[in-house]
Amino acid sequence: MQLDPNVKPENITETYIIQIKGLIQGVGFRPYIYKLATDLRFTGYVENRNDGVLIVVNSSDYKIKEFVKLIKRNAPVASEIRSINYSTAPQQVFSDFQIVKSKNFSNDITDVSPDIAVCELCLDELLNDSWRFHYPFINCTNCGPRFTIIKDLPYDRVQTSMSEFKMCKKCEKEYIDISDRRFHAQPIACADCGPAYQLIAPDTNISDLEQIISLVCNLIDKGRIVAIKGMGGFHLCCDALNEKTVSRLRSSKNRDSKPFAVMFSDIGELGKYANTNIKEKQSLLEWRRPIVLLEQKKTLARGVNNGIKSIGAMLPYMPIHYLLFEKLKAKAIVLTSGNISDEPIVIDNITALDSLSMADAHLLYNRSIQNRVDDSVIRVINNTARIIRRSRGFVPSPLNLRLNTDHIFAAGGELNNCFCIGKGNQAIISQHIGDLKKIETYNFYKEVYEKYCRLFRFEPEIAVHDLHPDYLSTLNAKKMGIQTIAVQHHFAHIASCMAENDLDEKVIGVAFDGTGYGDDRNIWGGEFLLCDLNDFTRLKHLEYLPLPGGDKAVENPWMMAVSYLYAIFGNDANTISEQLFRTIDPWKIEMVLKNIQNKINSPLTSGMGRLFDAFAAITGICTEASYHAEAPVRLESYINHQVSETYSYRISNDISFKPAIIQVIEDIRKKLSLKTIVTKFHNTVIFAVRDTLLELSAENNVNKIVLSGGVFQNSYLSTKLENILKKSNYKVYVNKKVPCNDGGICLGQLAIAAKRRELSCA
Ligand code: ZN
Ligand code: ZN
Ligand code: FE
């Protein structure tokens with residue numbers, strides 16, 4: 001910046017400093033400020049710092065207020081202004097407005113942008129006449145990869161995977177031209193200087209893009225599987241209407257029946273196969289481009305979701321997707337994570353060629369992926385978008401809390417693990433990591449943690465973990481050599497929901513899931529807790545029943561059903577079980593009964609997830625589960641919104657659904673339709689919860705109800721329960737920003753540890 005000697009001091013108003021914090025790096029924020037400032041004829045400068053954006057200008061008080069208003073009003077789509085403050089500063093005189101270079105100031109950091117789907121303007125250049133026509137790595141200040149290519153902060157090209165590509169003259173001209181929409185777009189590239197695709201298949205190695213597109217489309221349309229390098233990792237891709245290929249893909253991935261995500265060419269094509277409401281359309285089309293769970297209208301290949309009435313759908317978000325759909329006959333393609341079973345998604349070319357051997361061809365590119373992220377998953381429940389899996393497009397955007405979270409590491413759970421680090425009053429949550437029981441996934445967990453420490457200048461002082469002594473996340477936290485705090489699983493679920501809703505007072509939490517280690521060493525999961533962020537009391541829970549075989553019963557819903565039947569019918573359970581579970585060997589049933597009777601490997605559980613399992617097995621809808629939570633997912637396909645009846649239940653010291661199970665069996669014998677039985681059962685749970693809450697809220701004088709835990713991914717259950725509770729004048733809070741499943745518990749752990757530290761310092 002220059003100090004202008006020709007301007008007389010009396011003509012100058014004052015010097016103002018504007019400080020902006022939030023998600024403002026890598027989203028075209030500085031060029032935006034530049035344009036706004038020059039339009040308003042401001043003089044001064046804008047500077048990127050690692051703790052935010054700083055603007056210094058000459059202005060009058062009136063004009064500065066206008067400026068701040070405008071900044072907020074028209075901010076770039078992917079940016080998020082968290083705070084904007086201005087104050088006067090010692091007089092300085094400027095003759096022009098400039099963008100000045102990023103400086104590394106402190107360990108304070110500003111938000112790192114998540115990855116952004118290709119924008120309309122770039123798409124237009126990609127598909128129509130421009131000098132980047134059909135260049136599949138086209139991007140601008142408003143779109144393109146971000147988190148997935150970042151090595152370190154601040155976000156500058158040298159700190160990304162783009163550092164290996166030297167900008168050509170033409171790109172550089174745009175990069176340094178303040179008026180260009182690619183000004184300082186760090187991943188800027190073109191066919192002459194940027195990354196390129198390469199197709200590898202037996203006897204084939206092509207690098208000409210037009211040839212690649214033709215061949216890939218040809219292969220997919222002919223029923224072949226292609227591994228495609230995506231933004232945060234590889235996808236396996238095939239025609240979603242080709243029955244044979246989809247089942248080949250399924251068996252080669254060792255994935256028994258977990259639904260595959262499907263990408264549709266456009267929203268119109270998607271509308272042929274799935275019903276969407278306005279909220280769902282918004283989620284599908286927003287710049288994060290998540291997978292959205294939708295109600296199925298017309299079936300794709302059966303193997304896509306194996307008879308479940310929902311589709312995990314998404315729309316194109318990378319330039320290559322659009323280029324493929326230009327030529328593809330298939331308008332719906334399976335696009336599932338490139339991995340074996342549930343191991344982490346593959347990110348590098350060599351591993352992909354080696355381990356994704358089920359693919360008939362591999363579409364690679366020569367830019368490395370720095371941060372592995374899966375596609376995110378959203379479900380719209382009760383007219384609000386709720387996150388089920390938080391990854392691409394969301395990470396590493398922080399959540400802002402009203403607590404000081406500095407130096408706290410929250411280890412998360414075991415299944416669907418995410419961890420979380422505290423920075424200032426922010427919670428920075430990792431991408432979806434997965435099931436830590438797999439060694440590959442556990443290694444990924446440790447690797448991401450190291451990266452987050454570096455990227456966000458994080459130094460842990462407190463590690464907070466699940467109460468379960470054997471979770472790898474627990475063992476790892478204990479090895480860190482710092483202060484540790486153990487937090488009960490369901491308390492963490494409720495606290496996650498409290499934290500994202502800014503609640504810091506007494507609430508009644510309803511935590512429903514499959515499994516979580518309890519204070520009494522039993523397996524909890526149907527819990528009514530009186531909580532604040534510091535502590536909880538267990539008010540009531542689902543009645544305890546043996547979980548025969550422990551974890552084995554989770555994969556075999558019929559085992560939990562036998563447990564219910566034994567609790568109800570005693571020794572007659574054997575005969576009834578054999579009648580109900582005709583696919584299960586009678587000797588297996590007998591063995592399970594013996595284990596229950598002799599209390600062998602049969603811990604007690606109050607899990608609501610287990611009640612749903614038992615019910616799903618008794619109705620024959622799911623006796624054996626091939627993936628996590630298959631039983632409740634299948635049950636949802638049987639909901640009939642016209643049915644309003646319920647079964648009986650008993651609320652005393654605990655809540656028993658044994659009366660309901662007896663009536664269910666009667667209804668099955670009467671050959672009542674499964675839809676009616678399933679809906680009646682859901683209604684029963686809903687009304688039992690309401691009645692329990694009527695009692696507990698009066699006793700404890702609390703009317704704020706917090707719902708969390710994986711069971712609340714069930715749309716019918718959540719919607720109806722929330723609405724009924726609201727009608728009874730309760731204030732109801734749910735998870736939207738973090739998953740209600742175990743992917744969210746790290747946030748709860750963080751909030752609890754932060755609160756306890758605050759109280760201990762007070
Ligand atoms: Zn763009
Ligand atoms: Zn170039
Ligand atoms: Fe849980």
For a 4.5 angstrom cut-off between non-hydrogen side-chain atoms, does P290 reach E286? yes
* F234 and H362: aromatic ring centres closer than 6.0 Å? -> no
*When you measure from the side chain of T148 to the backbone N and O of P145, does any donor-acceptor pair fall under 3.5 Å?*
no
Across all chains, not counting sequence neighbours, the salt bridge (charged side-chain N to carboxylate O under 4.0 Å, His left out) partners of R302 are none
Below 4.5 Å, heavy atoms only, C-beta onward: do L635 and I621 meet side chain to side chain? yes
- Task: Apply side-chain hydrogen bond (donor to acceptor under 3.5 Å, both in side chains) to the pair T384 and R386, showing each step before the final yes or no.
- Result: CA-CA 6 Å; T384 49; R386 311 197 185 177; 3.1 Å; yes
Could K675 and Y638 be counted as a cation-pi pair, given that NZ or CZ must be under 6.0 Å from the ring centre and within 45° of the axis?
no
By side chain to side chain donor-acceptor pair (under 3.5 Å), T351 pairs with (sequence neighbours left out) D348
- Is the NZ or CZ atom of K229 both under 6.0 Å from the centre of the six-membered ring of Y365 and within 45° of that ring's axis? yes
Residues pairing under ring-ring contact (aromatic ring centres under 6.0 Å, His included) where one sits in residues 301-330, two or more places apart or in two chains, turn out to be Y317-H321
side-chain hydrogen bond (donor to acceptor under 3.5 Å, both in side chains) pairs touching residues 433-450, sequence neighbours excluded, are Y442-N476
ask   = Any donor and acceptor pair, going by atom type alone, linking the side chain of N371 with main-chain N or O of G232 inside 3.5 Å?
value = no
- Test salt bridge (charged side-chain N to carboxylate O under 4.0 Å, His left out) applied to E164 and R157, step by step: CA-CA 9 Å; E164 295 142 51; R157 188 174 172 105; over 6 Å; no
Sequence neighbours excluded, the answer for salt bridge (charged side-chain N to carboxylate O under 4.0 Å, His left out) partners of E630 is R634
Check for me whether R146 meets the cation-pi criterion with Y155, that is, NZ or CZ under 6.0 Å from the six-membered ring centre and within 45 degrees of the ring axis.
no
Between side-chain atoms of residues 207-214 and protein atoms elsewhere (two or more places apart, or another chain), which donor-acceptor pairs fall under 3.5 Å?
unit_1, atom_1, unit_2, atom_2, d
D208, OD2, E210, N, 3.3
D208, OD2, Q211, N, 3.0
E210, OE1, H134, ND1, 3.3
E210, OE2, H134, ND1, 3.0
S214, OG, E210, O, 3.1

| Donor-acceptor side-chain pairing of E624 and S626 below 3.5 angstrom | no
Check your understanding: When you look at V633 and Y627, which way does the side-chain contact (heavy atoms from CB on, under 4.5 Å) test go after all the steps?
Key -> CA-CA 10 Å; V633 168; Y627 60 90; 3.9 Å; yes
Should the pair R372 and F444 be classed as cation-pi, given the thresholds of under 6.0 Å to the six-membered ring centre and 45° from the axis?
yes
Taken in chain and number order and not counting sequence neighbours, the residues that satisfy ring pair (Phe, Tyr, Trp, His ring centres under 6.0 Å) with F581 are none
D374-S391 side chain donor-acceptor pair, cut-off 3.5 Å:
no
Backbone N or O of C122 within a donor-acceptor pair of the R132 side chain at under 3.5 Å? no
Please check this pair: side chain of S718 against backbone of N714, looking for a donor-acceptor N/O pair closer than 3.5 Å. yes
Between the side chains of K253 and N339, is a donor N or O closer than 3.5 angstrom to an acceptor N or O? yes
Do I206 and Q198 come within less than 4.5 Å of each other through their side chains, counting heavy atoms only? no
| query | So, Y175 versus Q186: side-chain donor-acceptor pair below 3.5 Å or not? | reply | yes
- Can you check whether I429 reaches R390 side chain to side chain, under 4.5 Å on heavy atoms? yes
Would you check if I378 and F394 make a side-chain contact, meaning some heavy-atom pair closer than 4.5 Å? yes
Applying salt bridge (charged side-chain N to carboxylate O under 4.0 Å, His left out) to D375 and not counting sequence neighbours gives R392
Salt bridge (charged side-chain N to carboxylate O under 4.0 Å, His left out) filter on R248, not counting sequence neighbours, yields D360
Sorted by chain and residue number, the side chain to side chain donor-acceptor pair (under 3.5 Å) partners of E172 (sequence neighbours excluded) come out as none
Sequence neighbours excluded, the answer for side chain to side chain donor-acceptor pair (under 3.5 Å) partners of N128 is D124
For D585, the side chain to side chain donor-acceptor pair (under 3.5 Å) test, sequence neighbours excluded, returns W587
